Structures are given as C-alpha cells and as structure tokens.
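Here is the structure we will look at, set down as structure tokens.
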Amino acid sequence: RAKQQGRGTYRFFEPLMDAQARARRDMEADLRTAIAEQQFEVHFQPLFNLARKEISAFEALVRWQHPVRGLIPPIEFIPLAEETGLIIPIGEWVLREACRQAITWPEDIRVAVNVSPVQFRNTGLNAIVLQALTHAGLAPDRLELEITESLFIENVEATLASLHALRAIGVRVALDDFGTGYSSLSYLRAFPFDKIKIDRSFIVDLLKEDGSTAIIRSITALADALGMETTAEGVEEVEQVDILREQGCSSIQGYLLSKPVRDDEVAGFIRQLQSRADAFRAAA
Ligand code: C2E
Ligand code: MG
Ligand code: MG
Ligand code: MG
C-alpha cells in the first residue's frame, strides 16, 4: 500500500524494519541449515617469510557457499553467527578442516585459524582445539590461532587464563589486526604472543610516507624486543615489500602473493612458489 502512495514518507519505514528483521531471521535459519549441510568452505592464503624466502603458513578463511546467493564472504555472516552463538559450531568445523588440510602440506608450513571472542568465552575451546589436532594428527606447533584485541575488552583475567591454557597445549597465538583496537600495548605486556599481525591499514599507507613507515618500524622493534614475530597484512605492491623488509618485518601476506585459494589449489601454489624461490636463490 505504501507503494501506491508514491514518494517516500515514514510509511516506508515500518515495512523496512519488518523486512530487516525478517532478513535476519531468514539468514539465521539459513546459517543453521548451512551448518547441518556443511555449506562452508575454507580458503587458504599464504604467508611468506621474508628472511627465509619461503611460505611459512596459510591462513584459513571461511566462506559460505550459499545455494541461492553464491559465495558469501565472512564479514556478511560472521557477525550474525557471533550474535547467535552459531560461530561455535562453524568455528569448530573450520578448525577441524584447517588441521585436516595442513597435515597434507610440508611440515614446515603452519596453518593459522581465526578464533572469535565468542569461541573464547565458551569454556570448551581447549578441548575442541585438542580434538581437532588429534583427529588430524597435526603437531600442536603447526597450528596458530589468530585473535583480535576485542577479545580483551570483556574479561581480561579469564582471557589470559584461556590463552595460557592453549599455549600449554603447544599451539601458537597471534594477535590479529594489530593497531586497530584500544591500548594495544598493555595486551602485549600481559600476554606473550608468538606473533603480531600488523593491520592492513598501516600497509596501505606505506607508500604515502605519512608516518606509516615509522609506525611499522616501532612495531617490529617492539615485537623483536618481546620475542615476537610480525606479519604485514594486505601487501599488494612490491614497493611495500622492500619497505617492510627494511623495517624488519618477518613475513608478509596479501594479494601480491596470492588471494585466498581453495584447498585443492594449495599444493600447486606451494610447488610454483618454491620453484620461483629456487630460481631466485640460484641466480643470487
Ligand atoms: P582477517 O583475519 O584479518 O583476514 C584477512 C582478510 O584480508 C581476509 O578477508 C583476506 O582475504 C583479506 N586480504 C588478504 N590480503 C589482502 C590484500 O592484499 N588486500 C585486501 N584488500 N584484502 C586482503 P576475508 O577472507 O574476507 O576475511 C575477513 C575477516 O573475517 C577476517 O579478517 C577474519 O576476521 C574473519 N574471518 C575469516 N574467516 C574466519 C573464521 O573462520 N572464523 C572467524 N571467527 N573469523 C573469520
Ligand atoms: Mg586473521
Ligand atoms: Mg587480520
Ligand atoms: Mg585485518
């Protein structure tokens, strides 16, 4: 009826709210189906160690192969999955799948898995991680869990305890998207991360000479002093690599190397990059 009344009035608003609530409800139902029918896929993006000139890891990134809407990126469904708690079964599936793939890769290549704060608040995380490792037969130090600073907002003590428990199993822990949250430095002091992932926003600006280089230098110096590695996220330009190497960054990740690829493309990618690196070493 609102349609017949022509140009926009507040009458449009209520149906819009209904539509949004309905869309949300539909999506939640779709998510439940997706879990039951395993409509998720894990794609893998390489991390490249600058000193060793080798792939050091692949990061597991979930996608949803929706029967009608096609491939849906994580930003479009992770927030709802977190609100509804559905991230717990989804996250568990990603973890198992990531470990299952990693066992087929060369032993010096790790797998990194993103873990939501909601999964952390759930006390079962430790057992889930152990089970995924055992089930795949993967050594714990080949798994790196990526967490964001938002994890620390709520209950710092409990968070630290659960991080230490995971560390005790032997898995590695990386601080993701570093520099985008609040009072990052206190978390670095409170918990011995294995790695800091420098957020893409700092990397994008590297070529602008607006102070980003100095920030990268400070982060890598701090990480060095604390015995942590660094990964630069979102590297797209070769010129960024030169700066990052000069500034002491341990590894890079980004479209320059590769977009995230399907699991069956990983082996070919490793071979291809390795032969390029071999040629490079032979020429050097
Ligand atoms: P993230 O963990 O920081 O992952 C990096 C994101 O940056 C990925 O987006 C990746 O595809 C993208 N990226 C990598 N290189 C480049 C580049 O050179 N340029 C640009 N523009 N982007 C680049 P993606 O896969 O869409 O994932 C987005 C976020 O969703 C992730 O950010 C992570 O926070 C979350 N996420 C993905 N998979 C999972 C998961 O299994 N569990 C949880 N809890 N969160 C996940
Ligand atoms: Mg990540
Ligand atoms: Mg990240
Ligand atoms: Mg990021």
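As the structure lists them, so they are numbered: ligands from 1, and atoms in each ligand from 1. Remember, it's a predicted structure, so these values are computed and weren't measured experimentally.
Taking a cut-off of under 4.0 Å to the non-hydrogen atoms of Q45, the atoms of ligand 1 that pass are 14 (C), 15 (N). Those atoms of ligand 1 that come under 4.0 Å of a heavy atom in E233, given as number and element, are 3 (O).
Residue D177 places a heavy atom less than 4.0 Å from ligand 1. At least one heavy atom of G234 sits closer than 4.0 Å to an atom of ligand 1.
A distance below 6.0 Å separates the ring centres of H164 and F191. Aromatic ring centres of F77 and F40: separated by under 6.0 Å. Ring centroids of W105 and F269 are separated by 6.0 Å or more, keeping the two rings apart.
By the 4.0 Å N-to-carboxylate-O rule, E107 lies too far from R142 to be salt-bridged with it. Salt bridge absent: E37 and R32 never bring a charged side-chain N and a carboxylate O closer than 4.0 Å. Classification of E59 and K197 as a salt-bridged pair holds, one side-chain N sitting under 4.0 Å from a carboxylate O. A salt bridge links E97 with R100: the distance from a Lys NZ or Arg NE/NH1/NH2 to an Asp or Glu carboxylate oxygen falls below 4.0 Å.
Within the 4.0 Å heavy-atom criterion, the part of E59 lying near ligand 1 is the side chain and not the backbone. Counting heavy atoms under 4.0 Å from ligand 1, residue R200 touches it through the side chain alone. Neither the backbone nor the side chain of K259 has any atom closer than 4.0 Å to an atom of ligand 1 (non-hydrogen atoms only).
Considering V42, V235, L61 only, the shortest heavy-atom separation from atom 31 (C) of ligand 1 involves L61. For atom 27 (O) of ligand 1, the nearest non-hydrogen atom from the set P74, A232, P260, P117 belongs to P74. With atom 17 (C) of ligand 1 as the reference point, the heavy atom nearest to it among E236, E97, K197 is part of E236.
Among the heteroatoms counted here (N, O or S) of E146, OE1 is the one nearest to the Mg ion (ligand 2). Restricting D177 to its N/O/S atoms, the shortest distance to the Mg ion (ligand 3) is reached by OD1.
Each of I75 and I72 belongs to its own hydrophobic cluster when Ile, Leu, Val, Met, Phe, Trp and Tyr are linked at side-chain heavy-atom distances under 4.5 angstrom.
Here's the thing with V62: one of its N/O atoms is less than 3.5 angstrom from an N/O atom of ligand 1. For D176, a nitrogen or oxygen atom sits less than 3.5 Å from a nitrogen or oxygen atom of ligand 1, counting backbone and side chain alike. Taking only nitrogen or oxygen atoms, main chain and side chain alike, N114 reaches within less than 3.5 Å of ligand 1.
Summarising the local packing, CD of E239 is surrounded by more than 12 heavy atoms from other residues, nucleotides or ligands at distances under 6.0 Å.
Within the coordination shell of the Mg ion (ligand 2), defined by N, O or S atoms under 2.8 Å, D176 is present. Among the atoms of E59, none of the N, O or S atoms falls under 2.8 Å from the Mg ion (ligand 3). At a cut-off of 2.8 Å, E233 coordinates the Mg ion (ligand 3) through an N, O or S atom.
The distance from the CG atom of L206 to the OG1 atom of T213 is 5.0 Å, given to the nearest 0.5 Å.
A donor-acceptor distance shorter than 3.5 angstrom exists from the side chain of D194 to the backbone of V173, with no hydrogens or angles considered.
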